[in-house]
Structure formats: structure tokens, C-alpha cells
Amino acid sequence: MAMDHDNQDAEQLRLLSIFHYIVAGMLALFSLFPVIHLAIGVGIVTGVFDGTGTGETPPAFMGWLFIVLPLVFIAVGLTMASCIALAGRKLMQRNGHLYCLVVAGIECCFFPFGTVLGVLTILVLLRPSVKQAFGVADSSL
């Protein structure tokens with residue numbers, strides 16, 4: 001009976017690891033969408049849009065707004081994608097139990113895929129048999 005639980009836990013951790021890599025890739029891809037806005041901001045700041053028919057030039061602060069906000073969005077998205085991929089690696093290696101729990105909690109913010117993956121990861125990681133596989137002392141009574 002214990003062997004069935006070990007096999008089931010190992011299979012679920014393997015699947016969670018794979019899904020973490022998939023969600024990390026999707027998040028990295030989605031976080032690169034603002035590159036278009038970044039290009040527009042660079043165009044505004046460098047003066048590319050100065051002579052576009054209407055005679056009015058966009059204000060420089062709009063260009064900087066179109067540069068800073070996309071850069072922040074891209075940086076946060078790629079950092080979170082890296083953290084999720086690292087959590088997938090740690091799940092496969094059975095280490096970093098607390099790290100995986102924290103990342104799973106943060107993943108819940110990324111609806112819908114991150115929410116599902118985060119909740120399932122938390123449910124699996126809170127099992128006593130999985131805690132034992134990670135080498136974490138079970139503090140529940």
C-alpha cells in the first residue's frame with residue numbers, strides 16, 4: 001500500500017514539474033507582448049512620429065511612459081516565469097519544499113492556468129508522504 005502512494009506521489013510530482021515548465025513558457029511568452037509598446041515608446045522619444053501628418057508631436061513623457069511601463073511588465077513577467085521554471089526543477093529533484101509552496105501561492109494570481117496549477121501544487125505538497133519525500137519534517141498531528 002505504501003508503495004502505491006510513493007508511485008502516485010512520484011507521478012504527480014513529475015506531472016506538476018512538467019506543467020510548471022509549460023506555464024513558465026506561456027508566462028514568458030505573454031510577458032513579451034508589451035515589446036510592441038516599448039517600440040512605440042522608443043519611436044516617440046527618438047522622434048520617429050514627429051512628422052506624421054497632423055503636425056502635432058506626442059509629448060516626450062508619453063514616450064517615456066511607453067518605455068518604462070512595458071519594461072517593468074516584461075521584467076516582472078520574465079522573473080516570475082524563471083521562478084516557476086525553477087519550481088518545476090525543484091519539484092522534479094524533490095528539494096525546496098517551502099520555495100515550491102511560495103511559488104505555487106504566487107502562481108494562483110495568474111488566472112486560469114496558474115491558479116489551477118498553484119492550487120494542485122499546494123494540495124500535493126501538503127501531503128505528509130510528499131513532505132517526507134522532500135525531507136521535510138511533518139509538523140501536523
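This is a predicted model, so every value here is computed, not measured.
Between the side chain of Ser82 and the main chain of Leu78, a donor-acceptor pair closer than 3.5 Å is present.
Leu27 is connected to Tyr99 through a chain of hydrophobic side-chain contacts under 4.5 Å among Ile, Leu, Val, Met, Phe, Trp and Tyr, so both are in one cluster. Residues Val23 and Phe111 are members of separate hydrophobic clusters, defined by side-chain heavy-atom contacts under 4.5 angstrom among Ile, Leu, Val, Met, Phe, Trp and Tyr. Under the 4.5 Å side-chain heavy-atom criterion for ILVMFWY residues, a single connected hydrophobic cluster contains both Leu15 and Phe134. When hydrophobic clusters are built by joining Ile, Leu, Val, Met, Phe, Trp and Tyr residues whose side-chain heavy atoms come closer than 4.5 Å, directly or via intermediates, Ile74 is not grouped with Phe110.
Under the 4.5 angstrom side-chain criterion for Ile, Leu, Val, Met, Phe, Trp and Tyr, the cluster partners of Val45 are Leu38, Val42, Trp64, Ile67, Leu71. In this structure, Val76 shares a hydrophobic cluster with Val68, Val72, the cluster being traced through Ile, Leu, Val, Met, Phe, Trp and Tyr side chains under 4.5 angstrom apart.
Residues passing the side chain to side chain donor-acceptor pair (under 3.5 Å) test with Thr79: none are found, sequence neighbours excluded. Annotation: side-chain contact (heavy atoms from CB on, under 4.5 Å) contacts of Ile44 (sequence neighbours excluded): Ile40, Phe49, Pro58. Partners of Gln132 according to the side-chain contact (heavy atoms from CB on, under 4.5 Å) rule, which considers only residues two or more places apart in sequence or in another chain, do not exist here. In this structure, the side-chain contact (heavy atoms from CB on, under 4.5 Å) partners of Ser129, at least two apart in sequence or on a different chain, are Asp9, Arg127.
Residues in residues 72-88 take part in no salt bridge (charged side-chain N to carboxylate O under 4.0 Å, His left out) pair, two or more places apart or across chains. Identified under the ring pair (Phe, Tyr, Trp, His ring centres under 6.0 Å) test for residues 73-94, with sequence neighbours left out: none. Residue pairs meeting the salt bridge (charged side-chain N to carboxylate O under 4.0 Å, His left out) criterion with at least one partner in residues 24-49, sequence neighbours excluded, do not occur; the list is empty. Identified under the ring pair (Phe, Tyr, Trp, His ring centres under 6.0 Å) test for residues 9-33, with sequence neighbours left out: Phe30-Phe33.
Crowding of Ile36 atom CD1: a count of heavy atoms from other residues, nucleotides or ligands under 6.0 Å not exceeding 12.
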What side-chain donor-acceptor pairs closer than 3.5 Å can you find for residues 87-97, not counting sequence neighbours?
| unit_1 | atom_1 | unit_2 | atom_2 | d |
| --- | --- | --- | --- | --- |
| Arg94 | NH1 | Leu91 | O | 3.1 |
| Arg94 | NH1 | Met92 | O | 3.0 |
| His97 | NE2 | Leu125 | O | 2.8 |

Do any side-chain atoms of residues 112-124 form donor-acceptor pairs under 3.5 angstrom with protein atoms, and if so which ones, sequence neighbours left out?
| unit_1 | atom_1 | unit_2 | atom_2 | d |
| --- | --- | --- | --- | --- |
| Thr115 | OG1 | Cys108 | O | 2.8 |
| Thr121 | OG1 | Leu117 | O | 2.6 |

| request: Please assess Leu101 against Leu126 for the test side-chain contact (heavy atoms from CB on, under 4.5 Å), listing each intermediate value before the final yes or no. | output: CA-CA 9 Å; Leu101 275 173; Leu126 291 180; 4.3 Å; yes
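When all heavy atoms of Ile106 and Met80 are compared, the pair lying nearest together is CG2-CE, 3.5 Å. Taking all atoms of both residues into account, the shortest heavy-atom contact from Ala24 to Ala85 is CB-N, 3.7 Å.
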